[in-house]
Number of protein chains: 2
Amino acid sequence: MMEKSGPPLTAPVEDYLKTIFEIEVADAAGSGRREHPPAAGTNEIAQALGIAPASVTGMLRRLAEQGLISYERYRGVRLSDAGRRAALRTIRRHRVIEAYLTSALGYPWDRVHQEAERLEHAASDELIDRMAAAIGEPTTDPHGAPIPTRDGTLDARPLLALVDVDVGHVVRIRMVGDRDPERLRYLAELGVTPGADVRVVARAPFGGPITLRIVREGSEGSRVTGRSGRSDRESAIGPSLAAQVFVESRRKREA
Amino acid sequence: MMEKSGPPLTAPVEDYLKTIFEIEVADAAGSGRREHPPAAGTNEIAQALGIAPASVTGMLRRLAEQGLISYERYRGVRLSDAGRRAALRTIRRHRVIEAYLTSALGYPWDRVHQEAERLEHAASDELIDRMAAAIGEPTTDPHGAPIPTRDGTLDARPLLALVDVDVGHVVRIRMVGDRDPERLRYLAELGVTPGADVRVVARAPFGGPITLRIVREGSEGSRVTGRSGRSDRESAIGPSLAAQVFVESRRKREA
DNA sequence: AGAAAATATTAGGCAAGACTAAATCTTGCC
DNA sequence: GGCAAGATTTAGTCTTGCCTAATATTTTCT
Ligand SMILES: [Mn+2]
Ligand SMILES: [Mn+2]
Ligand SMILES: [Mn+2]
Ligand SMILES: [Mn+2]
């Protein structure tokens, strides 16, 4: 067996697989424990990629033909093993590139994502490995997302959305969504960056703001604003933003 | 006026423009001084890109519609100003990437070309500028080819093919063709790398070999083989190889 | 259950790029 | 000056990806 590669995947195909993988991961995390493995829907994929649902249907047929997904009309899709491998490979590239751009070239963390979105399809495996080696084999990207290993293992530690943390708890920021540059600049401004510890000081009801205090500065992003040592300030963020910030519980302590 | 960019060019379009530019340069150099500006032929382009001539015709029509070339059926093409600007931009990207990969990531000079061939279409201007800055704004790529400036100026110093150097002359290696990895490895092996000085010791008639002595080591490529201090060795190379090695005359001295 | 809403697919097009086979220009040469 | 060789273009297809409009299926809600 061991049918390695076949023809190289096109950039759109890699982006589809990556997107499907990310939807599967998000669904699995959302539904507590996974039921049957979650399936990604056509609309979900279309929205994530910014293209029309009808276009997705066409691509899904092709992906199924190539054995990268399993596809049942009207039922959504699931990555095959080959598809998952390909997705993880692209995700590794993306994240290594992001890490390299910030570490080695001084790129601000709010602009690496769009750059990586294109480079991930053009860089060879050798280049990715050299980049990773040059910056000390990082295990996460600048936004805290784990980098898959060369052989396709992804650290899937379960994280908690900041919006779900109870008042009084101190948590460590682990990961923030990297899609929106403005959001990233704002979070860096607040000091909400991977590695920082924050205490949830208050939480207003009915979708109101969450008040945080930075207990310890993070690493990434502080370079972005140049500011530091303002760790004693409180800030309030809305729940939709807090839903995109993922944390690790440090000590269970009831509110 | 000042109609800046328009829609971004596709990777194939960038490669066509680059190829046409390189053909025009080679033709101009070949014909001593330029007559009327030289025109690139369909077959030439097809061969350089490794695609069928019929496919080239179709693309040339599209490039002409976009104002990137002037095209008269059966008569060959010439870059427009817009086309030349685009070509130089791509060439700058290509060469900066090659230089960065060797300087910053330890890439061997025989493998940077293929990597740059893909990355040149995916890197942003900002990334190219950061790369160039990170390695000290190099003026040539690892193979000695001049890097166009940000504003599209290219150092067009006339070079001489090593095959045309008379016996007895000492010349400095300036540039070698970068397409063939094997050839590059072989040249590095011989010490024929940019910056090296070589004396043409002998030249056999009827397309026979050219005997060289390395008078002074070059910089690039010596790292490739790790070897050095063997500058006292003579080597003989064939005329077709010597036609791909370009040099600068150091002192005019009759043979 | 049955209709409305949400999801998803089909139908029909288009543009970019590439190919092969079959014309058609241009040129060099006798 | 004409003709064969070489260069180039045309004709006719394909595949990939994407779009809109129309249709079909599934889910949800009364
Ligand atoms: Mn991408
Ligand atoms: Mn990221
Ligand atoms: Mn290229
Ligand atoms: Mn080069």
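Throughout, protein chains are lettered first and strands after them, A, B, ... in sequence-line order, and every chain is numbered starting at 1.
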Legend entry - Nucleotide interval of DNA chain C bounded by contacts with chain B (heavy-atom cut-off, under 4.0 Å): C:dA16 to C:dT26
Legend entry - CG-CZ distance between B:L154 and B:R84, expressed to the nearest 0.5 angstrom: 11.0 Å
Inset, instruction - Could you tell me which residues satisfy side chain to side chain donor-acceptor pair (under 3.5 Å) with B:E126, sequence neighbours excluded, listed by chain and number? - result: A:R111, B:R130
Legend entry - Strand-adjacent residues in residues 68-76 of chain B, judged by heavy atoms under 4.0 Å from DNA chain D: B:Y71, B:R73, B:Y74
Legend entry - Cationic N near anionic O, under 4.0 Å, B:D141 to B:R92: no
Legend entry - Side-chain ion pair, B:R150 and B:D125, N-O less than 4.0 Å: no
Inset, instruction - Could you list all the ring-ring contact (aromatic ring centres under 6.0 Å, His included) pairs where at least one residue sits in residues 75-97 of chain A, not counting sequence neighbours? - result: A:H94-A:H113
Inset, instruction - Using Watson-Crick or G-U wobble geometry with both distances below 3.5 Å, tell me the partner of C:dC30, or none. - result: D:dG1
Legend entry - Electrostatic pair A:K18:A:E120 at N-O distance under 4.0 angstrom: yes
Legend entry - Donor-acceptor pair, side chain of A:S103 and main chain of A:A99, under 3.5 angstrom: yes
Legend entry - side chain to side chain contact (heavy atoms under 4.5 Å, CB included) against A:Y186, all qualifying residues, sequence neighbours excluded: A:L190, A:L241
Legend entry - Separation between CD of A:E24 and CZ of A:R78, rounded to the nearest 0.5 Å: 7.5 Å
Legend entry - Ionic contact status for B:R179 with B:E117, cut-off 4.0 Å: no
Legend entry - For DNA chain C, the residues among residues 54-67 of chain B that have a non-hydrogen atom under 4.0 Å from it: B:A54, B:S55, B:M59, B:R62
